[in-house]
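Read through the structure below, which is laid out as structure tokens, and then see the notes.
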Amino acid sequence: MSEEHQKPKAASSAPAGSNPDGRGRLGRIHQADWSTETQAIRSGQYRTEEQEHSEAIFPTSSFVFNSAAEAAAKFSGEVPGNIYSRFTNPTVRMFEERLAAMETPAGQDGSEISCVGTSSGMAAILATCMALLKQGDHIVSSRQVFGTTNVVFDKYLAKFGVTTTWVDLTDYAAWAAAIRPETKLLFLETPSNPLNDVADLDRLKAIAAAGNCLLVVDNCFCTPVLQQPLAFGADLIIHSATKYLDGQGRGIGGAVVGRNEFISEIKTFMRSGGFSMSPFNAWIFLKGLETLSIRMKAHCEQTAEIARWLAEQSWVEKVYYCGLPSHPSHDIAARQQSGFGGVVSFTVAGGREAAWRFIDGTRWISITANLGDVKTTMTHPGSTTHGRLTPEARAQAGIDDGLIRLCIGLESAEDIRKDLLSGSKAL
């Protein structure tokens with residue numbers, strides 16, 4: 001009998017707390033036992049018989065079985081285990097379990113919450129819609145979402161008979177009025193990109209419950225460190241892991257977190273749809289999660305300092321940061337979030353031409369549409385992230401041509417101010 005087809009040896013002396021196959025596992029510990037900071041570092045890890053301290057990467061397309069019967073049992077779901085990395089991979093599973101643990105609020109049963117990793121944040125959104133919606137269904141979405149989300153809803157889902165009604169994020173009467181018998185999802189980002197508007201999740205959950213709809217919240221800007229939408233009644237949470245979960249702009253990925261009944265359906269779609277997270281990117285995100293808590297606190301502190309400074313500059317028309325008391329969403333953000341995040345936007349007089357001159361006048365701030373990086377980034381939303389929207393749609397979403405979005409990194413705040421002053425000299 002060849003070595004690869006030998007029967008597995010019995011695990012006769014597995015250490016305490018190990019799985020029967022001899023692989024030690026730290027396991028997923030609920031927040032009742034560990035804080036979010038500890039969950040981000042310790043939860044969900046599987047250790048192999050090598051007893052590695054850092055999480056292992058499993059860069060394999062498939063997994064072998066000890067017998068034809070075992071293969072059949074795993075393919076049918078009768079026996080859990082790895083089959084094919086399109087839908088089962090140990091490194092991806094570690095990331096999924098860790099993020100699920102971090103998003104589970106204290107007092108909730110962690111065994112009821114799970115996560116599925118995806119190839120990107122947009123894949124997470126599309127997989128959710130493909131798994132949970134059908135022809136004739138209806139979405140109510142905030143206008144203040146990432147521009148590509150608008151394109152997916154209006155251009156592609158509409159082709160298959162799923163329609164969308166757009167409403168202002170904080171117009172709760174409009175949310176309620178837009179719900180129809182066929183409405184299945186309420187979708188939003190909070191805080192919004194790029195204007196930092198914040199939705200009252202308690203109110204939206206009540207509206208969703210009255211309409212028998214699922215509440216789906218993109219938590220990209222806050223991460224579970226600053227906000228846990230499940231605590232406010234959200235049914236599903238969307239993440240672009242590309243952003244703060246990674247934190248250093250190294251990989252593309254996404255995730256959906258929520259109750260098992262919904263995540264199971266999304267995983268079933270993923271098994272065939274193929275929007276899979278790569279094992280290597282999952283490992284990158286695991287390393288990012290380890291520093292997420294301290295990074296988010298630092299991003300918040302730096303951004304609040306820069307936002308207050310921007311508000312004092314004569315060349316700035318308006319600042320959008322929910323951490324400023326002058327922002328219309330400040331009170332709800334203070335109640336709902338444990339920090340105000342790392343994104344601040346501002347407008348300059350003179351429209352797109354002036355905004356472009358300002359951006360080109362800076363010396364080292366990265367001109368890129370990505371956010372959530374330790375490096376400060378800057379973009380002009382009207383011609384990048386929201387550039388595919390019609391001028392009318394941009395105006396409805398509040399995207400002024402003179403708007404500039406900053407994602408404040410972890411460089412010296414003084415150096416960031418100096419570079420922004422360099423940009424102001426081009427105005």
Side-chain angles (χ1 to χ4, degrees), residues 142-151 168-169 189 191-198 220-221 240 242-243 249 299 302-324 326-329 340-373 375-409 411 413-427:
S142 163
R143 288 191 180 92
Q144 293 87 347
V145 293
F146 179 48
T148 305
T149 305
N150 295 73
V151 175
D168 287 334
L169 180 64
E189 297 175 14
S192 69
N193 180 11
L195 299 180
N196 262 241
D197 290 325
V198 177
C220 177
F221 270 32
S240 172
T242 311
K243 310 303 191 296
H299 283 301
Q302 290 257 92
T303 308
E305 181 178 343
I306 296 298
R308 289 191 294 268
W309 176 80
L310 283 169
E312 297 171 349
Q313 305 309 303
S314 60
W315 41 270
V316 173
E317 288 192 317
K318 189 172 184 178
V319 178
Y320 300 88
Y321 184 61
C322 61
L324 294 176
S326 58
H327 194 284
S329 294
F340 299 108
V343 177
V344 56
S345 298
F346 64 97
T347 53
V348 295
R352 189 182 77 170
E353 290 73 18
W356 282 16
R357 287 200 307 272
F358 180 94
I359 291 169
D360 293 345
T362 59
R363 295 173 299 168
W364 58 263
I365 291 176
S366 302
I367 305 173
T368 178
N370 194 33
L371 60 89
D373 203 306
K375 299 180 177 71
T376 297
T377 66
M378 175 168 46
T379 194
H380 178 251
S383 56
T384 58
T385 57
H386 294 70
R388 286 191 287 174
L389 302 183
T390 65
E392 293 76 19
R394 285 199 298 274
Q396 286 183 322
I399 309 299
D400 185 275
D401 282 344
L403 185 71
I404 297 168
R405 189 193 72 190
L406 288 171
C407 178
I408 303 300
E411 307 96 344
E414 178 60 24
D415 289 336
I416 295 171
R417 285 194 292 267
K418 287 178 180 177
D419 205 28
L420 294 174
L421 285 173
S422 295
S424 72
K425 294 176 182 177
L427 297 175

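Values in this document were obtained by computation on a predicted structure and should not be read as measured data. Reckoned from all heavy atoms, side chains included, excluding hydrogens, waters and symmetry mates.
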Original post:
Applying salt bridge (charged side-chain N to carboxylate O under 4.0 Å, His left out), which residue pairs with at least one partner in residues 348-359 are found, sequence neighbours left out?
Top reply: none
Original post:
How far does CD of Gln313 sit from CG of Leu427, to the nearest 0.5 angstrom?
Top reply: 11.5 Å
Original post:
Does Asp415 have any salt bridge (charged side-chain N to carboxylate O under 4.0 Å, His left out) partners at least two apart in sequence or in another chain, and if so, which?
Top reply: none
Original post:
Hey, are the side chains of Tyr321 and Thr303 touching, using non-hydrogen atoms and a 4.5 Å cut-off?
Top reply: yes
**OP:** Working to the nearest 0.5 Å, report the span between CG of Asp400 and NZ of Lys318.
**Re:** 10.0 Å
Original post:
Say you draw a straight line from CD1 of Ile365 to CD1 of Ile359; how long is it, rounded to the nearest 0.5 Å?
Top reply: 10.0 Å
Original post:
What heavy-atom pair brings Thr149 and Glu189 nearest, and what distance separates the two atoms?
Top reply: OG1-OE2, 4.4 Å
Subject >> Contact check, side chains of Leu169 and Arg143, non-hydrogen atoms, under 4.5 Å >> reply: no
**OP:** Of all the heavy-atom pairs spanning Arg394 and Leu389, show the shortest one and how long it is.
**Re:** NH1-O, 2.7 Å
**OP:** Kindly indicate whether the side chain of Leu371, heavy atoms from C-beta on, has any atom under 4.5 Å from the side chain of Phe221.
**Re:** yes
**OP:** Nearest 0.5 Å please: distance from the OG atom of Ser424 over to the CG atom of Asp419.
**Re:** 10.0 Å
Subject >> Check: Ser329 side chain, Val198 main-chain N or O, donor-acceptor pair, under 3.5 Å >> reply: yes
Original post:
What closest approach, in Å, do Ile408 and His299 show between heavy atoms, and which atom pair accounts for it?
Top reply: O-ND1, 2.8 Å
Original post:
If every non-hydrogen atom of Ala426 is compared with every non-hydrogen atom of Gly361, which pair is closest and at what distance?
Top reply: CB-CA, 4.4 Å
Original post:
Does the His386 side chain pair with the main chain of Phe146, one donor and one acceptor, at a distance under 3.5 Å?
Top reply: no
Original post:
What distance do Ile306 atom CD1 and Arg417 atom CZ have between them, rounded to the nearest 0.5 Å?
Top reply: 5.0 Å
Original post:
Passes side chain to side chain contact (heavy atoms under 4.5 Å, CB included), Arg308 versus Leu324? Steps please.
Top reply: CA-CA 7 Å; Arg308 289 191 294 268; Leu324 294 176; 3.8 Å; yes
**OP:** Report yes or no: do Arg405 and Asn193 form a side-chain donor-acceptor pair below 3.5 Å?
**Re:** yes
Original post:
Are Asn196 and Val343 side-chain neighbours, meaning at least one heavy-atom pair lies under 4.5 Å?
Top reply: yes
Original post:
Would a 4.5 Å heavy-atom cut-off, applied to side chains only, mark Ser422 and Trp364 as touching?
Top reply: no
Original post:
What pairs with Glu312 under side-chain hydrogen bond (donor to acceptor under 3.5 Å, both in side chains), at least two apart in sequence or on another chain?
Top reply: none
Subject >> Residue pair Leu195 / Leu403, side-chain heavy-atom distance below 4.5 Å >> reply: yes
Original post:
Of the options Ile416, Leu421, Val316, Val319, which is the one that meets Trp309 in a side-chain contact (heavy atoms from CB on, under 4.5 Å)?
Top reply: Leu421
Original post:
Within the side chain of Gln302, is there an N or O that forms a donor-acceptor pair under 3.5 Å with the backbone of Gly409?
Top reply: yes
**OP:** With the side chain counted from C-beta on, respond yes when Thr347 and Ile404 share a heavy-atom pair under 4.5 Å apart, and no when they do not.
**Re:** no
Original post:
Is there side-chain contact between Lys375 and Glu411, with at least one heavy-atom pair below 4.5 Å?
Top reply: yes
Original post:
Roughly how far apart are Leu406 CG and Leu310 CG, rounded to 0.5 Å?
Top reply: 6.5 Å
**OP:** Identify the residue among Thr384, Asn370, Thr385, Thr368 that makes a side chain to side chain donor-acceptor pair (under 3.5 Å) with Thr379.
**Re:** Thr384
Original post:
Is a side-chain donor or acceptor of Thr390 paired with a backbone partner of Ala393 at a separation under 3.5 angstrom?
Top reply: yes
Original post:
Between Ser240 and Lys243, what is the shortest heavy-atom contact and its length?
Top reply: OG-NZ, 3.0 Å
Original post:
Does the separation of the ring centres of Phe346 and Phe358 fall below 6.0 angstrom?
Top reply: yes
**OP:** Could you tell me whether Trp315 atom CH2 has more than 12 heavy atoms of other residues or ligands within 6.0 Å of it?
**Re:** yes
Original post:
Closest approach of His380 and Asp401, non-hydrogen atoms and distance?
Top reply: NE2-O, 2.7 Å
